[in-house]
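Okay, handing you the structure first.
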Amino acid sequence: MRITSSFLYSISLCLGLIACGPIDISVDRKPALVKKTGTVLFLAGQDSHGPKAHEHQAGSELLADALQQQDPSIEVINVYGGWPEDPSVFTEIDSVVIYCDGGKGHLINDNLPHFNRLLDRQVGVVALHYGVEVPKGSPSAEAMLRAIGGYFETHWSVNPHWTANFPALPAHPITRGVEPFTMLDEWYFNMRFVEDMQGVTPILSAIAPDSTMERGNGPHSGNDAVRELVAKKVPQVTAWAYQREDGGRGFGYTGGHFHANWDDANAQQLVLNAIRWTANIQAQKSPDLSARANTQGD
């Protein structure tokens with residue numbers, strides 16, 4: 001059975017009607033179905049923004065199921081609701097996928113010693129949407145730069161909703177089997193990258209329309225520097241790969257606001273490829289996108 005966002009949304013809605021009160025942190029381990037080649041942990045923060053947006057649990061579960069369907073040799077661990085109290089769930093993982101609200105509420109802020117130990121072990125890191133934002137100039141910012149090579153910096157980066165056209169993709173393991181695509185999302189851009197973007201490879205780049213600068217200047221809405229770039233039609237990086245000097249790998253993807261966008265075959269495959277790449281797990285076979293849906297969020 002093909003896992004879709006509408007299917008998982010229906011399940012999450014039913015569970016939400018049953019369960020009231022505080023959400024406990026849950027851990028669900030799904031062993032590899034054949035000889036294991038690696039382990040990926042999906043770290044999902046509590047859902048926010050209401051239904052159909054920032055559905056961190058359902059989005060993580062959709063990606064985890066799709067990853068294991070493509071490659072049954074991968075073990076997946078789904079953690080929902082916050083940072084797990086038991087550190088053993090991080091033992092021997094090859095990559096962690098962080099999908100959560102960011103800024104002052106980012107999951108790594110109060111868990112930096114644990115997060116930095118993962119980086120010391122060269123564990124891969126994938127940060128999705130709001131998960132790329134941490135407080136400006138903070139220890140979390142240093143850790144995120146170390147992990148994925150860039151982050152959303154307030155009063156520098158921006159978060160407009162716009163339709164991005166990605167007409168060309170670079171040759172990279174992350175773009176394997178992915179075709180150019182167009183998608184409406186809350187695509188962040190003008191990230192704060194490591195100096196000279198050393199080790200950073202732009203994966204998705206698009207020219208932001210003038211409409212992205214309609215809001216006034218603010219911590220997320222605009223500033224003089226980014227306005228100049230948009231006016232000059234400079235392509236904006238919305239997803240990137242990062243090769244760390246120590247051998248670890250990271251990936252930042254600023255889309256993922258609309259839950260339905262995970263049903264887009266190209267966007268989903270791009271992120272699945274990135275998860276495998278950060279975990280240093282070779283794909284078992286070429287992805288078949290023809291049998292999967294290609295719907296867009298609204």
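Note: hydrogens, waters and symmetry copies are ignored here, and every other heavy atom, side chains too, is used.
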Should D210 and K233 count as an ion pair when the cut-off is N to O under 4.0 Å?
-> yes
Within one Ile-Leu-Val-Met-Phe-Trp-Tyr cluster: V125 and V89, side-chain cutoff 4.5 Å = yes
Check whether any side-chain heavy atom of N159 sits under 4.5 Å from a side-chain heavy atom of Y130, and report yes or no.
->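 Side-chain contact under 4.5 Å: no.
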Quick one: does F90's side chain get under 4.5 Å of P84's, heavy atoms only?
->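 Yes, their side chains come closer than 4.5 Å.
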Can you find a heavy atom in the side chain of V234 that is under 4.5 Å from one in the side chain of Q236?
-> yes
Please examine the side chains of C100 and H106, heavy atoms only from C-beta on, and report whether any two atoms are closer than 4.5 Å.
->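 Result yes, sub-4.5 Å side-chain heavy-atom pair found.
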What's the shortest heavy-atom distance between G252 and I148, and which atoms?
-> CA-CD1, 4.2 Å
Quick one: NE2 on H259 to CG on L62, what's the gap to the nearest 0.5 Å?
->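 Here the interatomic distance stands at 5.5 Å.
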Is there a donor-acceptor contact under 3.5 Å from the side chain of N109 to the main chain of K104?
-> yes
Can you check whether A147's main-chain N or O pairs, donor with acceptor, with R244's side chain at less than 3.5 Å?
->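 A pair under 3.5 Å: yes.
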Is it true that atom CD of Q122 has more than 12 heavy atoms of other residues, nucleotides or ligands lying nearer than 6.0 Å?
-> yes
Is I207 isolated, or which residues cluster with it under the ILVMFWY side-chain rule of less than 4.5 Å, directly or via members?
-> none
Would a distance-only check, ignoring hydrogens and angles, find a side-chain to backbone donor-acceptor pair under 3.5 Å from T278 to I275?
->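 Indeed, once roles are kept as given, a pair shorter than 3.5 Å links the two residues.
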For residues Q268 and D264, is any side-chain donor paired with an opposing acceptor at under 3.5 Å?
-> no
Checking Q68 side chain against A66 main chain: does a donor-acceptor pair fall under 3.5 Å?
-> no
R227 and N217: side chain to side chain contact (heavy atoms under 4.5 Å, CB included), yes or no, with the steps?
-> CA-CA 9 Å; R227 290 182 190 283; N217 286 353; 2.7 Å; yes
Mind checking whether V226 and M213 have side chains closer than 4.5 Å, heavy atoms only?
-> yes
Do N261 side-chain atoms and H257 backbone N/O form a donor-acceptor pair below 3.5 Å?
-> no
Quickly, which of Y188, W187, F258 forms a ring-ring contact (aromatic ring centres under 6.0 Å, His included) with H161? Name it, please.
->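 Filter result, single survivor: F258.
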Quick one: CG on L169 to CG on N266, what's the gap to the nearest 0.5 Å?
->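 Rounded to the nearest 0.5 Å, the CG-CG separation comes to 8.0 Å.
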CG/D110: more than 12 non-hydrogen atoms of other groups inside 6.0 Å | no
What are the two closest non-hydrogen atoms of A127 and V132, and how far apart are they?
->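 Closest pair (atom of A127, atom of V132, distance): O-CG1, 3.6 Å.
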Measure the CD1-CD1 distance between I74 and I281 for me, rounded to the nearest 0.5 Å.
->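 If I round to the nearest 0.5 Å, the distance is 4.0 Å.
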State, without any angle test, whether Q269 and Q70 hold a side-chain donor-acceptor pair at a distance under 3.5 Å.
->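 Yes.
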How far apart are the closest heavy atoms of S205 and P202, and which atoms are they?
-> OG-CB, 3.9 Å
In sequence, state the C-alpha distance, the side-chain angles, and the governing distance for F115 and L43, and then conclude on side chain to side chain contact (heavy atoms under 4.5 Å, CB included).
-> CA-CA 12 Å; F115 185 65; L43 183 60; over 6 Å; no
Which heavy-atom pair separates S95 from V126 by the least distance, and what is that distance?
-> OG-CG2, 4.3 Å
Report yes if the side chains of D47 and Y80 come closer than 4.5 Å at any heavy-atom pair, otherwise no.
-> yes
Do the side chains of P219 and H155 get nearer than 4.5 Å, heavy atoms only?
->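 Yes, close enough: below the 4.5 Å cut-off.
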Where the side chain of D86 meets the backbone of S88, is there a donor-acceptor pair that is under 3.5 Å apart?
-> yes
Going by the salt bridge (charged side-chain N to carboxylate O under 4.0 Å, His left out) test, name the single residue among E153, E133, E142 that passes it with R192.
-> E153
Same cluster (ILVMFWY, side-chain, under 4.5 Å), W156 and L145 = no
How far apart are the closest heavy atoms of G250 and W277, and which atoms are they?
->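 Closest approach of G250 to W277: O-CZ3, 3.5 Å.
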Kindly assign one of parallel, tilted or perpendicular to the pair H49 and H54, based on the angle between their ring planes and the thresholds 30° and 60°.
-> parallel
Of V76, V123, V40, the residue whose pairing with I93 passes side-chain contact (heavy atoms from CB on, under 4.5 Å) =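 That would be V123.
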Is any side-chain heavy atom of D65 less than 4.5 Å from a side-chain heavy atom of K30?
-> yes
Taken to the nearest 0.5 Å, the spacing of T37 OG1 from E75 CD works out to 10.5 Å
Ignoring hydrogens and angles, tell me if any N or O in the side chain of T254 forms a donor-acceptor pair with the backbone of T238 under 3.5 Å.
-> yes
Inter-residue atom distance S60.OG - D28.CG, 0.5 Å rounding | 12.0 Å
May I ask you to decide if N273's main-chain N or O and R176's side chain share a donor-acceptor pair within less than 3.5 Å?
-> no
Can you measure from CG (L41) to CD (E92) and round to the nearest 0.5 angstrom?
->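 Output value for this atom pair is 13.0 Å.
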Any chance the rings of H56 and H129 have centres within less than 6.0 Å?
-> no
Exercise: do T39 and D94 side chains pair donor with acceptor under 3.5 Å |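 No, because no side-chain N or O of T39 sits under 3.5 Å from a partner of the opposite role on D94.
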Distance-only, no hydrogens or angles: does the D71 side chain make a donor-acceptor pair with backbone N or O of S73 under 3.5 Å?
-> yes
With sequence neighbours excluded, what pairs up with L270 under the side-chain contact (heavy atoms from CB on, under 4.5 Å) test?
-> I174, T175, V178, I203, L204, F251, Y253
Could you tell me whether a side-chain N or O of Y242 sits under 3.5 Å from a main-chain N or O of V194, the two making a donor and an acceptor?
-> no
Of all residues at least two apart in sequence or in a different chain, which pass the ring pair (Phe, Tyr, Trp, His ring centres under 6.0 Å) check with F189?
->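 F189 satisfies ring pair (Phe, Tyr, Trp, His ring centres under 6.0 Å) with W162 only.
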